[in-house]
Amino acid sequence: MKATNLVVLAGRALPDDQTSDAALIEHATGRDPGAFRTIMRRYNQRLFRIARAIVRDDSVAEDVVQEAYMHAFEHLGNFRAESSLSTWLHRIVMNEALGRLRKTSRSPEVILPAHAASADVVPFPNGIATDDPEKTMAQRQILRLVEEATDELPDDFRLVFIARVIEGMSVEETAELLGIKHATVRSRLHRARELLRKHIDDRIGPMLLNAFPFAGWRCERLTTKVMKRLGIEE
């Protein structure tokens, strides 16, 4: 195999962030630690978000991803290039997450396609940076509001929204991942956005009545300035 996009150290080619998935799988099959690390760093956030969309709990989602990686790495020989490594890992994570829900007697609405449940099978701003503390706080509050609204979506809509909007997957990738038609992806995304908009409107609508306040000392200051310019003494 050519050592394309591999870092060479002490005469040995090591995987880096630019290494192809196919090369990573080959190296991981050979128990190369660098390959495992590169795979996880490449897919950690995306897999966490999908798991989080199903279980709606950060710590459980993290545990789901960990267990999914263990299953995937122990069964690399089952991987077939018919689907991408990303899709394969996503399906394993989804199966693990849905299994957790079943164990806790929380019946999910989402139903995976048969091929996704078989033994062979088994992306908001990432960071907020600003020098303005008040702006940072406001951004975090908005982000939290969006996360809460996303959690309130029905399972089917939430998964499509996470895949398409948060992770930036294409309609085709989302349809393949969830085993649904392209038209279904579009309709569920449309409905998810409507529900999110309503949730956010319900939460912040009353607050807008107090937006752009201009009262108290600011109001008095302006009044005094105008009176002075008019030459009116009180």
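On a predicted model such as this, the values are computed, not experimentally measured, just so you know. Heads up: numbering here begins at 1 and tracks the sequence.
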Decide yes or no for R100 and D63: does some side-chain heavy atom of the first lie under 4.5 Å from some side-chain heavy atom of the second?
yes
Which heavy atom of L89 sits nearest to which heavy atom of Y43, and what is that distance?
CD1-CD1, 3.8 Å
Please check if atom CD in E62 has more than 12 non-hydrogen atoms from other residues, nucleotides or ligands closer than 6.0 Å.
no
Scanning both residues in full, the closest heavy-atom pair of L145 with I200 reads CD2-CG2, 4.0 Å
Show your reasoning for whether side-chain contact (heavy atoms from CB on, under 4.5 Å) applies to M94 and L177.
CA-CA 10 Å; M94 291 173 70; L177 175 64; 3.8 Å; yes
Quick check: do F79 and T29 have side-chain heavy atoms less than 4.5 Å from each other?
no
Separation between CD1 of I180 and CZ of R186, rounded to the nearest 0.5 Å:
11.0 Å
Could D201 and K198 be called an ion pair, given the rule that one side-chain N must be under 4.0 Å from one carboxylate O?
no
Is the shortest heavy-atom distance from the side chain of F36 to the side chain of R31 under 4.5 Å?
yes
Quick check for you: to the nearest 0.5 Å, what is the distance between R193 atom CZ and R164 atom CZ?
7.0 Å
Nearest non-hydrogen partners of A149 and L196, listed with the distance
CB-CD2, 3.3 Å
Report yes if the side chains of F48 and V93 come closer than 4.5 Å at any heavy-atom pair, otherwise no.
no
To the nearest 0.5 Å, what is the distance between CG on L178 and CD on E173?
11.5 Å
Salt bridge (charged side-chain N to carboxylate O under 4.0 Å, His left out) partner of D151, chosen from R144, R52, R158:
R52
Indicate whether any N or O donor in one side chain lies under 3.5 Å from an N or O acceptor in the other, for H190 and E194.
yes
For the residue pair V64 and A97, what are the closest heavy atoms and their distance?
CG1-N, 3.8 Å
Rounded to the nearest 0.5 Å, how far apart are CG of L98 and NZ of K103?
12.0 Å
Find out whether T174 and L189 are in side-chain contact, i.e. whether some heavy atom of one side chain is under 4.5 Å from a heavy atom of the other.
no
Hey, does R221 have a side-chain heavy atom less than 4.5 Å from the side chain of K225?
yes
Could you tell me which non-hydrogen atom of A72 sits nearest to which non-hydrogen atom of W88, and how far apart they are?
O-CH2, 3.5 Å
Please find the pair of heavy atoms, one from I162 and one from I50, that lie closest to each other, and give the distance.
CG2-CD1, 3.9 Å
Between H199 and L195, is there a donor-acceptor pair closer than 3.5 Å when you use the side chain of the first and the backbone of the second?
no
Output the distance between atom CZ (F161) and atom CG (D156), rounded to the nearest 0.5 Å.
15.5 Å
Which value, rounded to the nearest 0.5 Å, describes the distance between E67 atom CD and N95 atom CG?
14.0 Å
Got R91 and E176 here, is their nearest side-chain heavy-atom distance under 4.5 Å?
yes
